[in-house]
Amino acid sequence: MRTQSTEHTVVLLLRQCYINPSCQARRGWRTISSAYRTPLQLQRDTFGRLQRRTYYTGRNEKPGDSTTYLKRTEDRYAPSIFDELLKKPIVHNLLKKPQYDENSKPEFAVLGGGITGLSTAHYLTKNIPHANVTIYESTDRLGGWLSSERVAVDGGDIVFEQGPRSLRPNENGSGLTVMELIQDLDLQDQILTTPKDSASARNRYIYYPDKLVKLPGPGTNLFTNLFSVLTSPALNWIPMALWREYNNPGRPPSMDDESLYDFLLRRLGTSEAADKALSAGLHGIYAGDITQLSVKSLMPLVWSMERKFGSIMKGWRELGPRIAWKNTADVELGVELIGKIEPSIFVRLSQSSVFSFKEGIGAIPVALEKSLRANPKVQFKKGVWVKSLSFDHETENIKITTSENVPPALYTKVISTLSGPNTSSIIPQDGTALRSPNQPQTHLKPLADIHSVTVMVVNLYFPSTTVLPVHGFGYLIPRAIPFDQNPECALGVVFDSDTIGNQDTVEGTKLTVMLGGHWWDGMDSYPESEEGVIMARNVIARHLGITDEPTATKAGLHKNCIPQYTVGHEARLLAAHDELKEKFGGGLAVAGNSYAGVGLSDCVRGARDLVMGLAYKNKKMTGLENVQTHTQYRALPAPPPLPALKY
Ligand SMILES: C=Cc1c2[nH]c(c1C)Cc1[nH]c(c(CCC(=O)O)c1C)Cc1[nH]c(c(C)c1CCC(=O)O)Cc1[nH]c(c(C)c1C=C)C2
């Protein structure tokens with residue numbers, strides 16, 4: 001009873017912060033767009049410390065009064081642009097204008113039955129309930145890259161994950177979208193959370209050059225953090241690099257994008273940051289090459305901070321701890337969703353570092369499939385692959401030819417959740433060519449150019465609970481690791497049994513070794529499963545000293561599973577957007593991990609954004625409308641920390 005009322009208080013507070021016009025937090029929303037403020041001014045106080053004194057120009061907050069005022073930062077005035085920003089999504093939702101007339105019979109085709117395809121179908125049935133939806137999946141399995149399997153071992157069973165294994169809760173647009181989906185699918189009873197003070201939340205390691213180095217973080221005391229930064233060869237570049245970042249000039253105005261490697265070299269004046277540390281982080285998310293990945297697409301926040309403040313550290317200093325630099329689209333979605341999520345889900349997830357489900361992350365696609373199958377408007381076509389797709393000028397619909405021996409089908413709208421290259425390959429140049437993996441067509445060329453990497457995921461289970469020398473999330477391997485320490489091209493190792501508890505019915509230690517990624521680019525053959533297990537065992541024997549025999553193993557090769565947002569990614573998407581509009585008259589849209597985020601929550605959010613846009617804004621959306629909005633940021637008050645609640 002007590003918990004319930006605390007939850008309600010927290011959520012009510014949060015809702016207020018976003019919605020109530022008299023809320024202090026809302027009143028504090030401000031822009032640092034140069035059109036609305038003069039440059040920040042620094043002054044010394046009586047003790048000689050630098051103080052921030054910022055002055056804003058804008059309309060007086062009194063309704064109807066448009067006189068110019070000058071106000072100090074500390075007064076937390078809201079220039080009118082924030083009211084506009086806040087009103088927009090709320091008004092938009094109240095007045096949302098359905099684009100598909102209830103008497104019309106829209107036919108949607110969703111290409112791909114992975115998490116994006118299933119979520120797209122879910123949001124279509126939710127927002128355009130009279131539409132027919134057909135889901136085409138070329139394999140016999142739904143869920144795509146998400147794959148959780150319960151495996152029998154001595155004395156019980158355990159869950160092995162071959163794809164993503166956990167979700168990180170956040171109060172941004174994508175985090176709230178996942179919470180809403182969990183609520184839609186009634187999955188709350190299956191949630192498993194990991195506390196923020198657990199070993200896995202506090203301890204993250206990199207392996208360099210021949211041992212595990214714990215990354216500094218809030219869970220460790222200041223002295224220990226400082227000691228490791230000053231003494232470890234993996235981290236001792238940090239102090240000088242920070243000094244140079246602060247003092248180095250901002251980039252030239254003509255520079256539109258660059259690799260993360262070049263960015264770090266330019267800003268920090270050393271390649272050590274990229275070679276020894278950040279390349280490891282990118283291995284853990286993209287399994288990608290830091291010299292190729294785009295800073296603009298992967299780190300839009302630091303990219304825009306550099307543009308605005310000349311230096312990221314200067315930006316943080318100027319904004320101060322009370323102000324967060326937030327993505328506009330994210331905030332708008334947050335405003336829309338915050339009031340819709342049940343307090344019990346919101347609070348429980350917000351209090352955790354990561355979460356999953358009793359049956360693993362695969363619980364999401366399983367629940368999506370179950371709910372879609374219960375809907376007579378939804379049809380699944382498993383084992384059917386789309387050979388070609390073209391614009392039918394007569395009906396202004398999209399014509400799909402498939403591997404089924406039936407005449408081509410016509411759809412009002414096709415949403416391809418296939419990878420960029422696969423979407424491009426089904427678009428014939430002359431209207432007759434068929435999809436062929438060996439001869440990709442060149443239409444939608446910018447999408448064909450989105451390259452992906454292949455990862456081998458090896459799960460290992462040991463009945464002993466004491467095999468690990470340290471506990472934590474796991475470790476990542478940077479690009480600078482000497483070859484003799486990593487001939488297997490491992491990217492990192494996850495300590496699954498430390499990360500998500502209560503999935504397995506027996507005790508033991510579960511690890512996942514990830515191999516390949518960009519190291520395997522250009523390879524024409526890959527290790528077999530047995531070889532993968534041997535390679536993974538060699539990695540953990542060398543790095544962790546684990547020589548025990550695992551009693552359960554599973555190795556899976558995931559070809560082209562993680563798209564790489566390389567330099568020029570944004571420009572490619574903009575070009576693809578124009579081509580989609582021009583050649584398909586808005587009949588074809590795209591969504592999925594090739595475009596705006598490779599994570600599970602990014603995919604769900606991308607599906608939702610697209611369907612909400614189609615349903616209530618514009619039927620002709622391509623799915624690439626928001627490419628640039630994720631690089632637009634505003635300064636907003638940092639949200640207050642949530643009170644510690646017991647669950
Ligand atoms: C299974 C292979 C994957 C690798 N990257 C991703 C997957 C699915 C995608 C990914 N991984 C992470 C994120 C960031 C999400 C976030 O929490 O903000 C994304 C988009 C982080 C992450 N990295 C690893 C884990 C276990 C997580 C947590 C999320 C998840 O469960 O996937 C470990 C890891 N992932 C990869 C490698 C090579 C690796 C190494 C230890 C590739």
Side-chain angles (χ1 to χ4, degrees), residues 114-116 143-148 159-172 174-175 178 192 194 200-201 204-207 212 215 279-290 293 297-299 301 349 352-357 360-362 364 452-460 472-479 481 486 488-500 503 510-520 536 539-540 543-544 554-565 592-606:
I115 184 65
T116 313
W145 173 218
L146 272 64
S147 147
S148 317
V159 173
F160 272 160
E161 295 278 12
Q162 280 278 306
R165 58 219 52 237
S166 56
L167 279 156
R168 199 151 48 93
N170 65 60
E171 287 137 42
N172 291 339
S174 47
V178 170
L192 295 175
T194 305
S200 82
R204 286 164 188 261
Y205 300 87
I206 51 176
Y207 189 86
L212 292 186
L215 290 174
S279 56
L282 294 183
H283 285 164
I285 299 179
Y286 296 89
D289 179 356
I290 193 165
L293 292 165
S297 295
L298 267 58
M299 296 192 173
L301 174 62
L349 295 183
S352 65
S353 70
V354 292
F355 66 94
S356 180
F357 303 92
I361 282 288
I364 300 181
S452 293
V453 295
T454 296
V455 178
M456 179 168 250
V457 179
V458 186
N459 307 116
L460 305 169
F473 177 82
Y475 68 95
L476 293 165
I477 302 170
R479 77 196 288 265
I481 187 169
N486 191 24
E488 298 83 6
C489 297
L491 300 156
V493 178
V494 187
F495 302 166
D496 294 299
S497 37
D498 283 357
T499 310
I500 297 283
Q503 267 173 346
K510 252 185 341 187
L511 305 179
T512 302
V513 182
M514 311 268 188
L515 305 166
H518 71 100
W519 297 123
W520 287 354
V539 171
I540 57 167
H543 295 174
L544 302 172
K554 179 171 181 176
L557 185 71
H558 303 278
K559 282 203 181 153
N560 299 326
C561 62
I562 310 185
Q564 303 292 295
Y565 300 173
N593 66 356
S594 285
Y595 312 108
V598 299
L600 166 48
S601 40
D602 301 315
C603 293
V604 176
R605 186 220 169 134

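Counting starts at 1 for both ligands and their atoms, following the listed order. Excluded from the calculations below are hydrogen atoms, water molecules and symmetry mates; all remaining heavy atoms, backbone and side chain alike, are included. Numbers for residues simply follow the sequence, beginning at 1.
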Check whether any heavy atom of Tyr286 sits under 4.0 Å from an atom of ligand 1.
->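 It does not, in that no heavy atom of Tyr286 comes within the 4.0 Å cut-off of ligand 1.
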Nearest-option assignment for [atom], heavy atoms, candidates [options]:
atom                    : options                        : result
atom 9 (C) of ligand 1  : Ile285, Leu282, Thr512         : Ile285
atom 35 (N) of ligand 1 : Gly284, Ser147, Ala490         : Gly284
atom 42 (C) of ligand 1 : Ile562, Ile477, Val455, Asp602 : Ile562

Which heavy atom of the protein is the closest neighbour of [atom], given with residue, atom name and distance?
atom                    : value
atom 20 (C) of ligand 1 : Gly599 CA, 3.3 Å
atom 32 (O) of ligand 1 : Pro164 CA, 3.4 Å
atom 1 (C) of ligand 1  : Met514 CE, 3.4 Å
atom 33 (C) of ligand 1 : Val494 CG2, 3.6 Å
atom 2 (C) of ligand 1  : Trp145 CZ2, 3.5 Å
atom 15 (C) of ligand 1 : Arg168 NH2, 4.7 Å
atom 28 (C) of ligand 1 : Ser166 OG, 3.6 Å
atom 40 (C) of ligand 1 : Leu476 CD2, 3.4 Å

Minimum heavy-atom separation for [X] and [Y], please, with both atom names.
X      : Y      : value
Ser166 : Val354 : CB-CB, 4.0 Å
Gly592 : Cys603 : C-SG, 4.3 Å
Ile562 : Ala287 : CD1-CB, 4.2 Å
Ser200 : Asp498 : CB-O, 3.3 Å
Pro563 : Val598 : O-CG1, 3.7 Å
Gln162 : Val457 : NE2-O, 3.1 Å

Starting at [atom1] of [X], measure out to [atom2] of [Y] and round the result to the nearest 0.5 Å.
X      : Y      : atom1 : atom2 : answer
Thr512 : Phe495 : OG1   : CZ    : 11.0 Å
Leu515 : Ile477 : CG    : CD1   : 8.5 Å
Lys554 : Phe160 : NZ    : CZ    : 9.0 Å

Atoms of ligand 1 close to [X] [distance to a heavy atom under 4.0 angstrom, numbered from 1]:
X      : result
Val493 : 41 (C)
Phe473 : 24 (C), 25 (C), 26 (C), 27 (C)
Leu491 : 38 (C)
Val598 : 20 (C)
Gly163 : 1 (C)

What is the ring orientation for Tyr207 with Tyr475, classed by angle as parallel under 30°, tilted 30 to 60°, or perpendicular over 60°?
->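 Tyr207 vs Tyr475 ring planes: tilted.
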So, is Tyr475 polar-close to ligand 1, with some N/O to N/O distance under 3.5 Å?
->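 No, Tyr475 has no N/O under 3.5 Å of an N/O on ligand 1.
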Between Glu161 and Asn459, does any side-chain donor sit less than 3.5 Å from a side-chain acceptor?
->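 There is no such pair between these side chains.
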How does His283 reach ligand 1, if at all, at less than 4.0 Å between non-hydrogen atoms: by side chain, backbone, both, or neither?
->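 It is the backbone that touches ligand 1; the side chain stays farther off.
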Could you check if a side-chain atom of Pro169 sits within less than 4.5 angstrom of a side-chain atom of Phe355, using non-hydrogen atoms only?
-> yes
